[in-house]
Every structure is written in C-alpha cells, then in structure tokens.
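Comments concern the structure below.
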Amino acid sequence: MMDYALFLGCIIPYRLPQMEAAARKTLQKFDVNLHEMQGAGCCSDPAATPALDYKAALAVAANNICIAEEMELNILNLCNGCFHSLKLSNETLKNKPRLKEQINEILAHVGKEFKGTINIRHLLEVMYKDIGLERIKDKIKTPFNDLKVSVHYGCHVLRPSNVLNVDDPLRPESLDRLVKVTGAESIKYMQKMNCCNYCVRVVDKDISLKLSAGKMKQVKQAQADCIVLLCPGCFMQFDLSQKEIIRLLEEEMFSIPVLSYSQLLGLAMDIPAKELGFQFHRVKLKKLFEKPALFA
Amino acid sequence: MTAVKQRVEDSDIDPNFKYELANILGEKALLHCFQCGTCTSSCPVADDVDIKPHQVIGMTLLGLKGKLLQSKTIWLCAACLECAENCPRGVRSFYLQSVLKNLAARANNLPEGIREEGEIILTTGLAIPISSGILKRREKLGLPDLTPPAAETFQKIAEVTGLASLLSKKGGKEK
Ligand code: SF4
Ligand code: SF4
C-alpha cells in the first residue's frame with residue numbers, strides 16, 4: 001500500500017476533471033491510497049508567478065508543501081507544471097538555508113513554516129519506478145492491437161533533469177515503455193521532444209499556436225492514431241486548440257485524439273470510456289474506437 | 001535586427017548589474033557564460049524574439065540593464081527549460097530570465113496577460129476561475145467535492161512580497 005497527498009493544482013480539477021478521474025481510477029487498482037490536501041491551491045505556475053516575483057512564487061509553492069508536511073505524506077502530482085513548481089521549490093528551500101529563512105518569514109504571516117520533511121513525486125515516476133511495468137501488465141485486461149501512439153512527455157516532468165531526476169532529458173523512455181505495456185506502439189516522430197508551447201499563450205497566442213503547429217504536422221506525418229501525454233497544459237494545447245493549430249498548417253483538416261496516460265491505461269484495463277471522461281474531449285475519439293481490431 | 005549590434009553609450013552600462021543578478025539568484029554561474037549559443041539553438045521562441053537567450057546573458061554581463069528591462073520580448077518564453085538544461089557552463093538561463101522579469105515588471109514592463117494571470121492566482125488562489133459546468137462534469141465522473149483554497153493566504157503572500165500593488169495596476173505601459 002502506498003500513501004500520497006494528492007496535489008491537484010488548478011487545470012486538472014477545474015478544467016480537465018477527466019484526467020483526474022482516470023488517474024484516480026487506475027491508481028486505485030494498484031493500491032495507491034490518495035489523501036486530499038485541504039486548502040491547497042495553485043502551485044505558483046512554472047511561468048507566471050516566478051516571472052512576477054520569485055520569492056512570492058516560492059512562498060506560494062511552499063504553502064502547499066506545508067499542508068502535506070503536516071499530513072506527513074509525500075506529494076503526488078498529476079500535472080507536470082505543478083510537479084516542476086513544487087519539486088523545484090522543495091529542493092531549493094531544502095538546499096538554501098538563507099532563502100528558506102526568508103520564505104519562512106513570509107509564511108509566518110499565513111501561519112505556516114516550511115520544514116523540508118517530504119518529497120515531491122510525479123505520476124510518471126510512481127507508475128514506472130514504484131508500481132513498475134510488471135504489475136501494470138498483470139492488470140491489463142484487453143491489450144491494444146495496432147494502436148500507434150505519439151508519446152509527448154512535456155517539459156516540466158523532465159527539465160531541469162538535475163533537480164527533477166525523473167528520466168533522461170534527451171532520450172527518456174519511461175512513458176514509451178508504459179505505453180508499450182498496454183499493447184500500443186510508441187512510434188518515432190520528428191520533434192518528439194519539442195515543447196507544446198502552451199506557456200507562450202498568455203503573452204502571444206498566435207506565436208504559441210504557430211509553434212505547436214510544427215509538432216502537430218510531424219505527428220500527422222508519422223501516422224499516429226493518437227497523442228498520449230501527461231500534462232494538462234499540453235492537453236489544453238493539443239486537444240482544446242487542435243482545430244486552430246491545424247488550420248495554421250493550411251492543409252486538409254484532420255484530427256488526432258489526445259489521451260492522458262491514465263486514460264490510455266484505463267481503456268486497456270477495461271474501465272468504461274465514460275468513466276474515463278472521453279465525452280469531454282474536444283477532439284472526439286470516435287474514429288479511434290471504431291478502428292477495426294483496436295483491441296486484440 | 002539584434003540589440004547587441006546597436007550602438008552602446010557609456011551611460012547605458014551598469015557594471016554591477018551582473019553581480020546584482022548573481023546575488024539575487026544566489027549563484028555565480030551566469031558569470032561563466034562563454035557565449036556559445038547553445039541556449040539559443042535549443043530555444044523554441046528564438047526566431048520570434050529580438051534579443052535571443054544567449055544575448056540576454058551577454059547583455060547582462062555587459063551591464064545593459066536599461067535595454068534589457070525595457071525589452072518586450074524577454075517576456076516571450078515557453079518556460080520549456082531547454083536553455084537551463086543544455087548550458088555547458090551551468091547557467092540556469094530560464095531562472096535568470098525570471099529574475100530579469102521581476103525587475104522589468106517593476107520598471108513598468110509587464111505584459112497584460114502575465115499581470116492578469118498573476119492577479120487571479122494571488123487573489124483567488126487558483127489560476128483559473130471555477131465554472132459550474134466543470135463542477136457538474138466532476139459530479140458525473142464521481143469525483144469528490146473540491147474545497148477551494150483560502151484566498152486570504154494568497155492575498156497575504158502578495159501583500160507581504162509587494163506584489164499586490166503591482167498586480168492591481170491594470171494595463172500599464174505595455175500594448
Ligand atoms: S548555453 Fe550557457 S554558456 Fe552558452 S551562451 Fe547560453 S548561457 Fe552562455
Ligand atoms: S525556457 Fe524560455 S528562453 Fe529558455 S529555451 Fe525555453 S523558451 Fe527559450
């Protein structure tokens with residue numbers, strides 16, 4: 001039995017609850033016990049708050065970490081952005097005593113103190129390193145057959161690798177192997193390691209979408225059936241904005257469904273599609289489900 | 001057009017700027033940049049900015065504080081961390097640029113999108129507004145009820161760090 005304080009952040013619970021539902025439902029099958037974090041809020045956002053005031057960003061992240069310290073539990077993140085903010089802040093404050101003192105002076109105003117007693121984890125690590133491929137394989141009921149997946153890791157689960165320490169930042173393989181264990185194929189494609197550029201949106205939406213279009217083009221050329229990813233920011237970009245992105249390519253319209261890893265795994269574990277929230281996706285998965293011999 | 005090719009006057013130079021930043025960051029690595037351009041070559045927005053990531057570091061080392069803090073494009077960043085990951089000299093460029101943005105914001109150079117995002121996070125505790133439609137979806141998916149964070153905690157942090165007044169200045173000088 002593994003126990004974690006579940007950190008939801010903002011986008012997943014308040015925008016893409018299907019990612020939360022799929023993660024909870026699949027983790028349950030591996031005896032991962034999730035505890036709710038009362039009072040937790042925004043992680044600080046990897047881009048916005050640090051750009052405004054780095055100390056405020058550290059205090060916002062640390063305030064969340066303190067909640068889990070009081071619960072005496074390590075934090076499990078579903079979102080790459082939250083993982084990056086919380087882990088970076090946690091490690092920075094653990095290693096820089098003078099900065100920790102300054103942040104604790106801020107936190108004293110809200111009745112908190114950062115102690116540095118817990119660790120920050122991402123779903124990817126827990127699935128790959130703790131639960132492991134073998135146990136996951138045992139729970140697969142109907143493996144995929146002939147499903148071609150474009151795997152997209154997302155920046156904030158990999159970099160900076162010396163702090164996050166999840167996988168090789170240039171040639172990661174954890175998510176590819178987790179996809180393969182469901183019977184699907186993780187295909188090679190150009191720009192696989194490129195950023196989704198969601199964070200550019202708040203400053204310049206046109207440039208953000210233009211940059212994503214390059215990646216979508218490669219996904220299409222590699223003849224992927226779907227994109228599998230981890231981060232809700234990337235999901236917003238590739239699912240909710242997919243039409244706008246593809247329009248920029250000035251090609252014939254196409255669509256490529258986007259799934260979180262937990263959703264993909266959930267399907268292979270025979271969890272009904274409705275419980276995994278596919279009805280809330282903008283890019284419909286109909287074609288994917290209709291594909292002959294999707295399931296062996 | 002690159003900003004470093006513009007004519008630079010003595011009065012544009014603040015020789016202590018690099019130490020000021022190194023001090024805020026608590027690390028000296030930025031002083032070791034040898035202008036190889038690796039950060040720029042891995043940056044997704046490099047083609048869309050007038051001052052490229054390696055030039056940001058180069059201008060910092062030269063002390064071109066005023067020019068940097070007035071630049072609009074230092075704000076255009078995917079936060080992809082490629083620059084920080086790949087630097088052979090250990091310059092954590094993205095984080096250095098964040099500190100630059102902290103200073104730029106206080107010099108009246110703050111894009112409205114970032115101000116808005118900061119304002120909603122630090123007044124409500126959440127980066128996006130709560131919508132009743134999504135709460136209904138949660139119910140349909142059998143998800144537990146959410147307790148929104150204590151907004152006062154976030155407001156207090158904004159107040160103590162001096163961000164509150166900066167964030168309330170809607171539509172500063174930027175476009
Ligand atoms: S990669 Fe590092 S050393 Fe090279 S230009 Fe960029 S900051 Fe300087
Ligand atoms: S973090 Fe920003 S500056 Fe650094 S490589 Fe990515 S987009 Fe460029």
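Note that this is a predicted model, so its numbers are computed, not measured. All chains are named by letter (A, B, ...) in the order of the sequence lines, taking the proteins before the strands, and each is independently numbered beginning at 1.
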Chain A heavy atoms under 4.5 Å from B:Ile74: which part of the residue, side chain, backbone, both or neither?
neither

Can you say whether B:Cys77 sits under 4.5 Å from chain A via the side chain, the backbone, both, or neither, judging by heavy atoms?
backbone

B:Ala150, part contacting chain A, at a heavy-atom distance under 4.5 Å:
backbone

Examine whether an atom of B:Leu122 lies under 4.5 Å from a heavy atom of chain A, and if so say whether it belongs to the side chain, the backbone or both; otherwise answer neither.
side chain

At a 4.5 Å cut-off on heavy atoms, which part of A:Asp45 comes close to chain B: side chain, backbone, both, or neither?
side chain

With a 4.5 angstrom heavy-atom cut-off, which part of B:Leu163 approaches chain A: side chain, backbone, both or neither?
side chain

Looking at chain B, which one of A:Ser44, A:Ala47, A:Pro50 has the largest number of heavy-atom pairs inside 4.5 Å, strictly under?
A:Pro50

For A:Gln38, which residues count as a side-chain hydrogen bond (donor to acceptor under 3.5 Å, both in side chains) partner, sequence neighbours excluded?
B:Thr147

Heavy-atom proximity to chain B below 4.5 Å, by part of A:Leu99
neither

Whatever's closer than 4.5 Å to a heavy atom in chain A on B:Pro144 counts as side chain

Mind telling me whether A:His84 and B:Tyr95 have parallel, tilted or perpendicular rings, with 30° and 60° as the class edges?
parallel

Do you see a donor-acceptor pair shorter than 3.5 Å between the side chains of A:Ser241 and A:Arg201?
yes

Which bit of B:Ile121 comes within less than 4.5 Å of chain A, counting heavy atoms only: side chain, backbone, both or neither?
side chain

Taking A:Glu69 first and then A:Lys112, would you say they form a salt bridge - that is, a charged N and a carboxylate O separated by under 4.0 Å?
no

Which of the residues B:Val99, B:Thr124, B:Ile24 is involved in the greatest number of heavy-atom pairs with chain A at under 4.5 angstrom?
B:Ile24

Of the backbone (N, CA, C, O) and the side chain (C-beta and beyond), which part of A:Ala40 lies under 4.5 Å from a heavy atom of chain B, both, or neither?
backbone

Side chain, backbone, both or neither of A:Pro13 within contact of chain B (heavy atoms, under 4.5 Å):
both

Counting distance only, does the side-chain N/O of B:Lys156 pair as donor-acceptor with the main-chain N or O of A:Val110 below 3.5 Å?
no

Options B:Glu116, B:Arg137, B:Arg106, ranked by heavy-atom pairs under 4.5 Å with chain A, top entry:
B:Arg137

At a 4.5 Å cut-off on heavy atoms, which part of A:His156 comes close to chain B: side chain, backbone, both, or neither?
side chain

Side chain, backbone, both or neither: which part of A:Leu52 has a non-hydrogen atom closer than 4.5 Å to chain B?
both

Would you mind checking which part of B:Leu167 comes under 4.5 Å of any heavy atom in chain A, side chain (CB onward), backbone (N, CA, C, O), both or neither?
side chain

When B:Thr153, B:Leu166, B:Leu103 are compared by non-hydrogen pairs under 4.5 Å with chain A, the top option
B:Thr153

What part of B:Glu82 gets closer than 4.5 Å to chain A, counting heavy atoms only: side chain, backbone, both or neither?
both

Considering only heavy atoms, which portion of B:Leu143 lies under 4.5 Å from any heavy atom of chain A: side chain, backbone, both, or neither?
side chain

Below 4.5 Å, heavy-atom pairs only: which of B:Arg138, B:Glu159, B:Lys140, B:Glu152 has the largest tally toward chain A?
B:Arg138

Can you tell which part of A:Met37 gets under 4.5 Å to a heavy atom of chain B, answering side chain, backbone, both or neither?
neither

Which atoms of A:Cys195 are under 4.5 Å from chain B, going by heavy atoms: the side chain, the backbone, both sets, or neither?
side chain

